[in-house]
Amino acid sequence: MFTIDAYTPARVIFGAGRLKELGSVSLPGKKALICVTQDGLMEKLGIQKRVTDLLKENGTEYVIFDRVQPNPTQSGVMAAAALAGKENCDFVIGLGGGSSVDTAKATAIMMINPGVLWDYAQTGTGKNQPVSCAAPIVTISTTCGTGTETDPYCVITNEETKEKLDFALDQIFPALSIIDPELMCSLPHKLTLYQGFDALFHLAECYITNEHQNHLVDLYAVDGIKMVAHNLPLVAKDGNNLEARTCMCYAADILAGYTQALCSTTSHHIIAQTIGGQFPAVVHGESLLMIAESYYKKVKQLRPALLDELGEVCGVLRDGKDPGQGFVTALKQLMDVTGVRELYSMAEEGITEADFQTIADVTVDNTGIAFEKYEITKADIIQMLKDSYDSVR
């Protein structure tokens with residue numbers, strides 16, 4: 001018998017051209033802090049002005065925080081919260097990709113609560129203090145990969161300790177998420193692939209972790225994986241394919257967010273986050289791809305039936321002589337057809353074999369993977385890293 005546990009309170013406005021509804025929709029405050037990346041991309045693309053014009057139309061004031069980094073940091077969050085306090089902002093908007101939204105979510109915590117962000121981190125060197133409330137959050141996505149638009153997570157790096165940790169709090173579910181696929185057509189090719197695979201892994205990992213317990217997780221994950229498997233090659237070939245972009249947004253920003261709201265990912269994500277914490281120049285989708293093949297070759301030994309099911313969702317029939325190979329084969333095929341292998345390399349990012357032990361230690365001892373239903377050891381992680389390093393060297 002299956003069960004259902006569901007809590008996904010974010011209001012979603014989804015569809016091509018629907019950004020314009022920002023001008024009339026009910027917003028959760030009177031003055032917004034808008035978080036955008038320091039590269040000025042939102043301004044260059046004209047998206048930032050469209051958003052601020054719509055806010056004016058809606059009678060809402062705003063101030064811009066334009067110092068968001070690709071791997072957002074605690075110091076950046078604290079600077080954003082200080083600006084919000086100085087300017088009397090009562091809600092926050094994450095405009096752009098996962099970094100902007102995650103900064104907005106963490107800033108929402110610090111707009112209401114005292115101290116520093118790491119006082120509220122639940123793992124690592126965090127103090128695990130309770131968060132009673134947070135400022136309201138609005139997300140306006142220009143990427144599709146993280147699912148943060150509809151889930152209760154943000155991921156922030158502590159520059160001093162090199163920890164990259166999840167903050168998982170119901171208080172940081174967005175009050176409103178506007179997901180307009182037209183905004184995704186400007187996404188660069190490399191980031192399109194990195195984020196597309198990030199979405200795939202969110203969905204697959206939640207399917208594995210769920211083990212068919214929560215029926216909604218299976219429904220969301222299967223639908224999302226089918227969408228990614230079919231549409232990621234299409235957007236890789238033509239980034240202006242709006243129908244394919246719409247399907248990718250649906251899979252990544254809604255379905256992957258819903259699965260993560262109801263279930264957890266696996267140690268694949270924790271290892272990748274550790275890499276990002278130790279090497280901040282490595283973007284999240286890249287770190288996931290670096291270890292993906294070796295990771296799932298290990299998991300196929302531990303959960304072969306689930307990986308064969310995932311393979312069949314992607315269109316790869318199971319092989320009775322090689323249990324669990326289905327998803328590994330499907331993943332390799334998707335990587336080949338999109339050409340993503342040419343985009344990343346551990347060695348080119350400055351990662352060496354001397355770093356493997358630290359990555360394994362931080363993953364297991366600091367962030368922790370005790371939540372997992374199968375056992376991945378430090379030795380396993382080191383072997384995965386070595387196999388991944390050797391395969392592209």
Is there a side-chain contact between Ser132 and Asn113, using heavy atoms and a 4.5 Å cut-off?
yes
Are any side-chain N or O atoms of Ser141 and backbone N or O atoms of Ile179, one a donor and one an acceptor, separated by less than 3.5 Å?
no
Keeping Glu205 on the side-chain end and Thr266 on the backbone end, is there a donor-acceptor pair under 3.5 Å?
yes
Between Ser100 and Thr37, does any side-chain donor sit less than 3.5 Å from a side-chain acceptor?
no
Modelled atom types, side-chain donor and acceptor of Asp380 and Thr377, under 3.5 Å
yes
Test item: side-chain donor near acceptor, Ser388 and Ser294, under 3.5 Å:
yes
Side chains of Thr352 and Asp355 only: does a donor on one sit below 3.5 Å from an acceptor on the other?
yes
Pairwise side-chain contact, Thr246 with Phe14, heavy-atom cut-off 4.5 Å (strictly under)
yes
Would His269 and Asp198 count as having a side-chain donor-acceptor pair, cut-off 3.5 Å?
yes
What residues, two or more places apart in sequence or in another chain, satisfy ring-ring contact (aromatic ring centres under 6.0 Å, His included) together with Tyr194?
none
Please confirm whether the backbone N or O of Ser267 pairs with a side-chain atom of Glu372, one donor and one acceptor, at under 3.5 Å?
yes
Is a donor on one side and an acceptor on the other found under 3.5 Å between the side chain of Asn231 and the backbone of Cys247?
no
Determine whether the side chains of Trp118 and Glu163 contain a donor N or O and an acceptor N or O closer than 3.5 Å.
yes
Residues Cys206 and Val217: closest non-hydrogen pair is O-CG1, 3.8 Å
Is there a chain of hydrophobic side chains (I, L, V, M, F, W, Y, each step under 4.5 Å between heavy atoms) that links Phe167 to Val116?
yes
When hydrophobic residues are tied together by side-chain contacts of less than 4.5 Å, even through go-betweens, does Val131 share a cluster with Val155?
no
Starting from the C-alpha separation in whole Å, work towards a yes-or-no answer on side chain to side chain contact (heavy atoms under 4.5 Å, CB included) for Phe65 and Val92.
CA-CA 10 Å; Phe65 177 78; Val92 60; over 6 Å; no
Hydrogens and angles aside, do Thr148 and Lys105 bring a side-chain donor and acceptor to less than 3.5 Å of each other?
yes
Within the distance-only criterion (no hydrogens, no angle test), does the side chain of Gln122 pair as donor or acceptor with the backbone N or O of Ala168 below 3.5 angstrom?
yes
Just so I know, are the side chains of Thr209 and Thr265 near enough to count as touching, which here means a heavy-atom distance under 4.5 Å?
no
Side-chain donor/acceptor of Asp151 to backbone N/O of Ala261, under 3.5 Å:
no
Hydrophobic clusters here meaning ILVMFWY residues chained together by side-chain heavy-atom distances under 4.5 Å, can you tell me if Ile376 and Leu306 are in one?
yes
Has the side chain of Lys86 got a donor or acceptor atom that lies under 3.5 Å from a matching backbone atom of Ala81?
no
Please set out all donor-acceptor pairs under 3.5 angstrom arising from side-chain atoms of residues 311-340, sequence neighbours excluded.
unit_1	atom_1	unit_2	atom_2	d
Glu312	OE1	Arg318	NH2	3.3
Glu312	OE2	Arg318	NE	3.1
Asp319	OD1	Lys321	N	2.9
Asp322	OD1	Lys300	NZ	2.9
Asp322	OD2	Lys300	NZ	3.4
Gln325	OE1	Lys300	NZ	2.7
Gln325	NE2	Thr329	OG1	3.2
Thr329	OG1	Gln325	O	3.2
Asp336	OD1	Arg341	NE	2.6
Asp336	OD1	Arg341	NH2	3.3
Thr338	OG1	Leu334	O	2.8
Thr338	OG1	Met335	O	3.3

With a sphere of 6.0 Å drawn around CD of Glu43, does it hold more than 12 non-hydrogen atoms of other residues, nucleotides or ligands?
no
Would you find a donor on one side and an acceptor on the other, under 3.5 Å apart, between the side chain of Gln273 and the backbone of Ile156?
no
Can Lys378 and Asp365 be said to form a salt bridge (Lys or Arg N to Asp or Glu O under 4.0 Å), step by step?
CA-CA 9 Å; Lys378 290 183 183 180; Asp365 297 335; 2.6 Å; yes
Does any part of the side chain of Ile64, heavy atoms only, come nearer than 4.5 Å to the side chain of Gln48, both counted from C-beta?
yes
Can you check whether Leu33 reaches Glu87 side chain to side chain, under 4.5 Å on heavy atoms?
no
Tell me, with the steps shown, if Asn128 and Tyr120 meet side chain to side chain contact (heavy atoms under 4.5 Å, CB included).
CA-CA 5 Å; Asn128 198 23; Tyr120 306 97; over 6 Å; no
For Asp218 and Asn210, test the side chains for any donor-to-acceptor distance below 3.5 angstrom and give the result as yes or no.
yes
Are Val362 and Tyr295 connected in the hydrophobic side-chain network, where two residues link if heavy atoms are under 4.5 Å apart?
no
Are there over 12 heavy-atom neighbours, none belonging to Glu159, within less than 6.0 Å of that residue's CD?
yes
Quick check: do Glu182 and Leu19 have side-chain heavy atoms less than 4.5 Å from each other?
no
With a 3.5 Å cut-off and no angle check, do the side chains of Lys31 and Asn88 form a donor-acceptor pair?
no
Side chains of Tyr344 and Glu349, donor plus acceptor under 3.5 Å:
no
Is the distance between the ring centroids of His268 and Phe201 under 6.0 Å?
yes
Check whether any side-chain heavy atom of Glu21 lies under 4.5 Å from a side-chain heavy atom of Leu54, and answer yes or no.
no
Just by modelled atom types, is the Val282 backbone N or O under 3.5 Å from a matching donor or acceptor in the Glu286 side chain?
no
Can you confirm whether Gln213 is buried at CD, in the sense that more than 12 heavy atoms of other residues, nucleotides or ligands lie under 6.0 Å from that atom?
yes
Side-chain H-bond candidate by donor/acceptor type, Thr139 with Ser177, under 3.5 Å
yes
Starting at CD of Glu375, measure out to CD1 of Ile369 and round the result to the nearest 0.5 Å.
8.5 Å
Whether the Thr192 and Arg245 side chains hold a donor-acceptor pair (N or O, under 3.5 Å, no angle test) is what I'd like checked.
yes
Donor-acceptor contact below 3.5 Å, side chain Thr60 vs main chain Lys56:
no
Report, one line per pair, each donor and acceptor closer than 3.5 Å where one atom sits in a side chain of residues 221-228; sequence neighbours left out.
unit_1	atom_1	unit_2	atom_2	d
Asp223	OD2	Tyr250	OH	2.8

Using a strict cut-off of less than 4.0 Å between a Lys/Arg side-chain nitrogen and an Asp/Glu carboxylate oxygen, indicate whether Lys30 and Asp90 qualify as a salt bridge.
no
If you count heavy atoms of other groups shown closer than 6.0 angstrom to NZ of Lys237, is the number above 12?
no
The test is side chain to side chain contact (heavy atoms under 4.5 Å, CB included); show your working for Lys297 and Met384 and say whether it passes.
CA-CA 9 Å; Lys297 285 178 182 177; Met384 291 174 197; over 6 Å; no
For atom NZ of Lys20, decide whether the heavy atoms of other residues, nucleotides or ligands shown that lie under 6.0 angstrom number more than 12.
yes
Do the non-hydrogen side-chain atoms of Ser24 and Asn58 ever get within less than 4.5 Å of each other?
no
Could you see if Leu187 belongs to whatever hydrophobic cluster contains Met42? Use Ile, Leu, Val, Met, Phe, Trp, Tyr and a side-chain cutoff under 4.5 Å.
no
Is the ring centre of Phe173 less than 6.0 Å from the ring centre of Tyr7?
yes
Run the numbers on Ile291 and Leu385 for side chain to side chain contact (heavy atoms under 4.5 Å, CB included), then give the verdict.
CA-CA 6 Å; Ile291 60 170; Leu385 292 165; 3.8 Å; yes
Can you tell me if CZ on Arg18 sees more than 12 non-hydrogen neighbours from other groups inside 6.0 Å?
yes
